[in-house]
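Because the structure is predicted, anything quoted here is derived from the model rather than measured. Keep in mind that the numbers below use all heavy atoms, side chains included, and drop hydrogens, waters and symmetry copies.
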Amino acid sequence: MSLLDDFIVRAVLAGLGLVIAAAPLGCFVVWRRMAYFGDATAHAALLGVALALTFNISIFAGVLSVALIMAVTVSALAGRGFAMDTLLGVMAHSSLAFGLVAVSFVPSVRVDLMAYLFGDILAVGRSDLVVIWLGALLVVGLLYWRWSALLTATLNPDLAYASGISPKREQIILSLALALVVAVAIKVVGTLLIAAMLLIPAASARAFARTPERMAVIAMVIGMLSILGGIQSAFTFDTPTGPTIVCVGALLFVVANLVRLVRDQAK
């Protein structure tokens, strides 16, 4: 029997695949204060599920298409006089509502909304693993290729312009990476928890990182601990796996900030 026949092994591999992409991308979300941006893109994913079921295409393709449209739309509207926190709030909640309504109109298909809202990592199959890891490696490759430009555009847009780097272009690249992560993550943690997996490991890593690169690596480690601890805790306490993963991540965030607080007081 193949090792991949064990659903626990597949769940762990799926979670780790998500983390290696979400953790470094989450650092840019934290640095750019794009939390609501990630939320809006993630919530739009449910509309992608409805469209995929309606037109009988893959869930990944449907989610990726809608998430990408949402991400590019928000990027295009940024800096054009809109109150972005209000706009993102409207788009996040309305896209989720439209997605829920659209799913109810899908003919002759029984849709498990809980699986799409909160994920079903234990149901990940071999084909899902291939999609998750290909998507994750594509995001990592994209971030590695554009790391210096993305970092410059994030930390100092004026310097980026002077160096011939277009902050708008880098924003679109981030939007593409974010859409890919959302499409990959929907099977693992669902639309409502994707933003948490982007933010929590990166926010936790800030307590220990002195350089952007170190923060990305530490965020990956914290994300991996969240996945492993969450799956183990879900089996121990018989709780939903996706939310339990996020709960473990939240506890690690609290511990990380307590450690930073103690360290700062000791100086």
message: For a 4.5 angstrom cut-off between non-hydrogen side-chain atoms, does L51 reach I57?
response: no
message: Tell me which pairs pass side-chain hydrogen bond (donor to acceptor under 3.5 Å, both in side chains) where either residue lies in residues 233-242, with sequence neighbours left out.
response: Q232-T236, T239-T244
task: Measure the spacing between CG of L174 and CG of L25 and express it to the nearest 0.5 Å.
output: 6.5 Å
- request: Sort out for me which residue in I227, L252, V217, I200 forms a side chain to side chain contact (heavy atoms under 4.5 Å, CB included) with I222.
  value: L252
task: Heavy atoms only: give me the nearest C27-A216 pair and the separation to one decimal.
output: SG-CA, 3.7 Å
task: Give the minimum heavy-atom separation between G17 and A136, together with the two atoms involved.
output: O-CB, 3.0 Å
message: With clusters defined by side-chain heavy atoms of hydrophobic residues (ILVMFWY) lying less than 4.5 Å apart, directly or transitively, does I8 cluster with V248?
response: no
field: Whether over 12 other heavy atoms sit under 6.0 Å from F98 CZ
entry: no
field: Linked, directly or transitively: I165 and I172 (ILVMFWY side chains, under 4.5 Å)
entry: no
message: Minimum heavy-atom separation for R146 and R169, please, with both atom names.
response: NH2-NH2, 3.2 Å
query: Of all residues at least two apart in sequence or in a different chain, which pass the side chain to side chain contact (heavy atoms under 4.5 Å, CB included) check with M91?
result: M70, T73, V74, L87
- prompt: Between the main-chain N or O of A209 and the side-chain N or O of R214, is there a donor-acceptor pair closer than 3.5 Å?
  reply: no
message: Using the rule that Ile, Leu, Val, Met, Phe, Trp and Tyr join whenever any side-chain heavy atoms are under 4.5 Å apart, tell me whether L16 and L18 fall into a single cluster.
response: yes
Distance in Å, I194 CD1 paired with L198 CG, rounded so as to fall on 0.5 Å steps: 8.0 Å
field: Residue pair W147 / E213: nearest heavy atoms and the distance that separates them
entry: NE1-OE2, 2.9 Å
query: If two hydrophobic side chains count as joined below 4.5 Å and joins carry through other members, does V19 share a cluster with L137?
result: yes
query: Does a side-chain heavy-atom distance below 4.5 Å link L13 with W133?
result: yes
- prompt: Could you walk me through whether V124 and F7 pass the side-chain contact (heavy atoms from CB on, under 4.5 Å) check?
  reply: CA-CA 7 Å; V124 168; F7 71 98; over 6 Å; no
query: Are M224 and I20 side-chain neighbours, meaning at least one heavy-atom pair lies under 4.5 Å?
result: yes
field: Set of residues satisfying ring-ring contact (aromatic ring centres under 6.0 Å, His included) with respect to W31, sequence neighbours excluded
entry: F28
field: Inter-residue atom distance T41.OG1 - I69.CD1, 0.5 Å rounding
entry: 11.5 Å
- request: For side-chain contact (heavy atoms from CB on, under 4.5 Å), just list the numbers for L46 and Y116, CA-CA rounded to whole Å, side-chain angles, deciding distance to a tenth of an Å, and then say yes or no.
  value: CA-CA 7 Å; L46 196 61; Y116 291 116; 3.8 Å; yes
field: Heavy-atom side-chain proximity of L64 to V182 below 4.5 angstrom
entry: no
query: If every non-hydrogen atom of V139 is compared with every non-hydrogen atom of A177, which pair is closest and at what distance?
result: CG2-O, 3.8 Å
Residue pair V130 / L134, side-chain heavy-atom distance below 4.5 Å: yes
query: F55 and L47: same hydrophobic cluster, using ILVMFWY side-chain contacts below 4.5 Å?
result: yes
field: Close side-chain approach of M215 to I218, heavy-atom, < 4.5 Å
entry: no
- prompt: Is any side-chain heavy atom of P167 less than 4.5 Å from a side-chain heavy atom of Y161?
  reply: yes
message: Just so I know, are the side chains of K187 and I121 near enough to count as touching, which here means a heavy-atom distance under 4.5 Å?
response: no
field: Spacing of CZ belonging to F60 relative to OG belonging to S65, to within rounding of 0.5 Å
entry: 9.0 Å
message: To the nearest 0.5 Å, what is the distance between NE2 on H43 and CG on L100?
response: 10.0 Å
query: Rounded to the nearest 0.5 Å, how far apart are CG of N257 and CG of L261?
result: 8.5 Å
- request: For R263 and A207, indicate whether the former's side chain and the latter's backbone hold a donor-acceptor pair under 3.5 Å.
  value: yes
- prompt: Can you name the closest pair of heavy atoms from A92 and A40 and give their distance?
  reply: CB-CA, 3.6 Å
